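Written below as structure tokens is the structure these notes are about.
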Amino acid sequence: MRVACFSVRRNPDRLSFEIEARDGLARRARLVTPHGPVETPAFIPLATKGSVRGMSSREVAGFGYQMVLGNTYHLLVAPGPDRIAAAGGLHEFMSWNGAIITDSGGFQVFSLAHGGIAEEIKGTGKKRGGLAATLAIEEEGVRFRSYRDGSELMLSPESSMSVQAALGSDIALAFDECTPFHADRDYTARSTERTSRWLDRCLAWHEEYGPARQAVFGIVQGGTYGDLRRESCQAISQAGVDGIAIGGTLGRDKAEMAEVLGLTVPELPVDAPKHLLGIGEVDDLMHGIGLGLDVFDCAVPTRLARHGMALAPDPERRFRIDIRKSRAAGDSRPLVADCPCTACRDYDRDYLNYISRSEELTAVRLLVEHNLTYMERLMAGARDAISSKAFADYRRSILAGAAPTGCCL
RNA sequence: GGGGGAGUGCCCGAGUGGUUAAAGGGGACCGGCUGUAAACCGGUUGGCUCCGCCUACGUAGGUUCGAAUCCUACCUCCCCCA
């Protein structure tokens, strides 16, 4: 049974979403926020703590990005919503003129308890010492211990929305619990239902006190269970949100992720803007766009860069090249041929290998710029392909090892 | 010429009779990273016919049941006095 009653709160002051072209399920659209448009499909870099690590806001805009993602939990811990509000909101605070979507802190319920997605799936989170920063998950909300000073803090649907109101993001995400991969069906079901109740509370609070020009997205949970995903989709579709994000565990591997998304996306209203949270990698983006998803955010491009990995059209090596490997030493080729980023224009692999191994900050900056440039070109290429009804070919060529064709400068 | 000190695995550096193939760093190599506790986290790093053996703590001898650790000679380096 297809959900038909998607009640987008169509308020152009807050958010509009215009689909401009379709190619199969994929679509090219424009998400217009109070801080400008976002051409979709779009990849959104993370500015978790109010900064895209290693890059100035001006630089990020220069790479072609129109939206970044900030985090409620991290900005609550420091510097705190009051200080950001006093600065005139997060846009002003971080000198970012484009759109901002803020995550609700729901993911931190999961990540602070388990260490991360891979660690939770593999059960290796303990290796990092276990922060135990998530104290309790209750109907009211979640109690955390600040990893900064040990103090206790609570995040609830109301307080998360309140912080996001103070941050003044263009899109606020409803407070949710990201259920772990290892949660059983019973727990996932109860958690997902609670997340739905939390969504209602978020919307009620926002209706009353939230900024008029801030949109609210609900988050689909349900783990890897098809029926729970469906119920979550229905609850959100009927709640009166401005858009929908897909969260929660997407399974053990890419095959399972495809399965879960295959069960989830068709349950959502076609016309709603859809954001796939936390994904991802080059092939994942091609897959998600093919399903009709619009926005993607992920730590991977910036984090990999800090870890010495550059994105590259090499499916055999998971679309990345480890610039610190000795094979890069003495290699006078650019990182990626025809890439317009500084690393590729001005330097060769030999030099990048050397400065990266030397722990020079410049190496990190160059790789972050490269990866962000790569992702934006990948997405720009996808947008162009959709406009010319050639997305299937584009996707095929990218997965076969072709370089992104989009222009972002 | 006289006096003193030091030589340890790729590098630095602990260790002064047995539980030491030898702490700890660094480097190197491999792996991981998907709503960022992450410019981070694991693993490996003498050899082999690998659950045991061989080779190893400057070189060559010696003491001892047993030595990187004690003794002797030699080689090299550093410091001080002439």
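In what follows, chains carry the letters A, B, and so on, assigned in the order in which the sequence lines appear, proteins first and then strands, with residues in each chain numbered from 1. Predicted model only: the values in this text are computed from it and were never measured.
- Annotation: A:R197, atom CZ; neighbour count of heavy atoms from other residues, nucleotides and ligands within 6.0 Å is above 12.
- By the 6.0 Å contact criterion, CG on A:N97 is open, its count of non-hydrogen atoms from other residues, nucleotides or ligands being 12 or less.
- Checking B:G35, B:U34, B:A39 against every side-chain atom of A:L69, the shortest atom distance belongs to B:G35.
- Remark: the separation of the P atoms in B:C54 and B:A22 is 16 Å, to the nearest Å.
- No N or O donor and acceptor, one from the side chain of A:N71 and one from the base of B:G35, sit under 3.5 Å apart.
- Under 4.0 angstrom from either OP1 or OP2 of B:G35 there lies no side-chain N or O belonging to A:Q108.
- Annotated stems with RNA chain B as a participant read B:1-7 with B:75-81, B:10-12 with B:24-26, B:27-32 with B:40-45, B:46-48 with B:52-54, B:58-62 with B:70-74, given as range with range, by first number; only runs of 3 or more Watson-Crick or G-U pairs under 3.5 Å qualify.
- Using a cutoff of 4.0 Å between basic side-chain nitrogens and carboxylate oxygens, A:K254 and A:D283 are scored as salt-bridged.
- Annotation: B:A73 and B:G5 have their P atoms spaced 15 Å apart (nearest Å).
- The separation of B:C75 from B:C12, taken at their C1' atoms, amounts to 23 Å, rounded to a whole angstrom.
- For A:R53 and B:U36, a side-chain-to-base donor-acceptor distance below 3.5 Å is present, hydrogens and geometry of angles not being considered.
- For A:S111, a side-chain nitrogen or oxygen approaches OP1 or OP2 of B:A37 to under 4.0 Å.
- With both ends at atom P, the span from B:G47 to B:C40 equals 29 Å, rounded to whole Å.
- The only option from A:T179, A:L228, A:D176 that meets the side chain to side chain contact (heavy atoms under 4.5 Å, CB included) definition with A:S191 turns out to be A:T179.
- One cannot find a donor-acceptor pair under 3.5 Å joining the base of B:U34 and the side-chain atoms of A:R318.
- Summarising the local packing, OH of A:Y209 is surrounded by 12 or fewer heavy atoms from other residues, nucleotides or ligands at distances under 6.0 Å.
- For the pair A:R357 and B:C29, the criterion of a side-chain N or O lying under 4.0 Å from OP1 or OP2 is met.
- Scanning both residues, A:F43 and A:P301, for their nearest heavy atoms gives CZ-CG, 3.6 Å.
- Heavy-atom minimum distance, A:P45 versus A:L372: CB-CD2, 4.0 Å.
- For A:S326, a side-chain nitrogen or oxygen approaches OP1 or OP2 of B:C29 to under 4.0 Å.
- In this structure, A:D176 and A:R327 both approach RNA chain B, and ranking their closest nucleotides by distance from the 5' end singles out A:R327.
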